[in-house]
Student: 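First the structure, then my questions, so here it is.
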Amino acid sequence: MNPTTPAAIEATGLSKAYGDKVVLDGIDLHVPRGTVFALLGPNGAGKTTTVQILSTLIRADGGEARVAGHGVAAAPQSVRAAIGVTGQFSAVDNLITGEENMALMADLHHLPRPEGRRICAELLERFDLSEAAKKPAATYSGGMRRRLDIAMTLVGSPEVIFLDEPTTGLDPRSRHTMWQIIRELVDGGVTVFLTTQYLEEADQLADRIAVLNGGRIVAEGTPDELKRLVPGGHVRLRFLDPAQLARAAQVWGAGLRDDEALTLQVPGDGSVHTLRALLDALDSACVDVDSLTVHTPDLDDVFFAVTDRPENEKVQAR
Ligand SMILES: Nc1ncnc2c1ncn2[C@@H]1O[C@H](COP(=O)(O)OP(=O)(O)OP(=O)(O)O)[C@@H](O)[C@H]1O
């Protein structure tokens with residue numbers, strides 16, 4: 001990253017409370033231009049609140065933020081001119097057609113009519129909505145509506161796009177289409193700030209991920225850095241009867257044992273070498289294994305590890 005290029009999003013010490021409830025307790029953010037940043041967190045962690053502050057919809061109680069080079073408090077109009085926001089509550093008007101929704105956005109951005117029409121037609125085509133363009137948005141599927149929402153956002157050629165849970169409720173195919181769209185946006189130089197509850201989504205898309213919990217960022221890093229925060233993988237062995245399980249548990253005192261599921265979880269990275277040693281040891285102890293599954297650490301493990309921590313304890317990813 002060129003240190004002279006200002007970041008797309010820069011925030012220090014952002015705080016926000018509703019009455020007694022502290023929602024954000026001093027969060028710092030740094031999102032370089034042309035990258036995807038994912039903000040993860042459990043329900044109610046403050047993800048939407050963060051997006052609302054950065055997109056000037058609400059004011060922070062404390063701290064500072066700059067988006068696309070403009071202060072959110074000092075120059076909200078300049079921030080708004082440089083960003084696009086698609087949220088859980090989309091801007092799509094269901095009563096009018098896709099094309100009319102797009103034309104409204106072109107008017108809002110004061111685009112001259114012919115240019116506006118051209119841009120809208122191009123975007124409808126790009127998001128595979130040309131055929132449905134003359135139908136009311138109420139007849140669109142969830143995936144089509146999200147695509148229309150993003151297409152509408154792009155009419156204003158934003159530098160930074162906030163996507164608040166862009167794929168919640170979409171089926172796997174529509175979710176993959178949306179991921180592809182997001183990748184193409186970034187290839188085109190846009191910065192994407194994404195909130196999601198889907199760890200796989202952050203893993204797939206984000207250059208950097210921050211996990212918000214209890215009003216603070218409790219972990220931050222690249223997906224790989226975050227995965228390194230949790231201990232290595234494990235192998236889960238399933239047995240046919242309690243006697244076999246008990247015998248195996250004697251071999252691995254340290255394993256995590258589930259008497260109901262008849263499983264024993266033992267540390268292991270799933271390499272052929274480890275698996276061979278494991279099976280040899282079971283053979284020597286005359287233990288029959290019904291099946292085994294290998295589990296390598298993923299973002300789920302990170303998420304549960306860092307959101308289980310006592311509040312305010314930040315884990316540094318390296
Ligand atoms: N206008 C408001 N008045 C009072 N409390 C609010 C308001 N807006 C948000 N909150 C509270 O702030 C907390 C954070 O909400 P926020 O919507 O930012 O969370 P989130 O991480 O986006 O959650 P979700 O994943 O469920 O969308 C919640 O406890 C919510 O109830």
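One-based numbering, in listed order, for ligands and for the atoms of each. This is a predicted model, so every value here is computed, not measured.
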Student: Just to be sure I'm reading this right: ignoring hydrogens, which of T48, T49, T195 gets closest to atom 15 (O) of ligand 1? Compare them by their nearest heavy atoms.
Tutor: T49
Student: Is it true that a side-chain atom of T153 and a backbone atom of D149 form a donor plus acceptor pair closer than 3.5 Å?
Tutor: yes
Student: Can you classify the ring geometry of H295 versus H234 as parallel (below 30°), tilted (30 to 60°) or perpendicular (above 60°)?
Tutor: parallel
Student: Should Q52 be listed as contacting ligand 1, given a heavy-atom distance under 4.0 Å as the test?
Tutor: no
Student: Can you tell me if R59 has over 12 outside heavy atoms packed within less than 6.0 Å of its CZ?
Tutor: no
Student: Out of curiosity, is G41 lining ligand 1, as in a heavy atom under 4.0 Å away?
Tutor: no
Student: List ligand 1 atoms under 4.0 Å from K47, heavy atoms only on the residue side.
Tutor: 18 (O), 19 (O), 20 (P), 21 (O), 22 (O), 23 (O), 24 (P), 25 (O)
Student: I'd like to check whether V23 has a polar contact with ligand 1, where a contact means an N/O of the residue lying under 3.5 Å from an N/O of the ligand.
Tutor: no
Student: Who are the salt bridge (charged side-chain N to carboxylate O under 4.0 Å, His left out) partners of R257, not counting sequence neighbours?
Tutor: D259
Student: For A45, counting its heavy atoms only, list the atoms of ligand 1 lying under 4.0 Å from any of them.
Tutor: 19 (O), 20 (P), 21 (O)
Student: Taking side-chain hydrogen bond (donor to acceptor under 3.5 Å, both in side chains) as the definition, give me every residue that meets it alongside T35, ordered by chain and number, with sequence neighbours left out.
Tutor: none
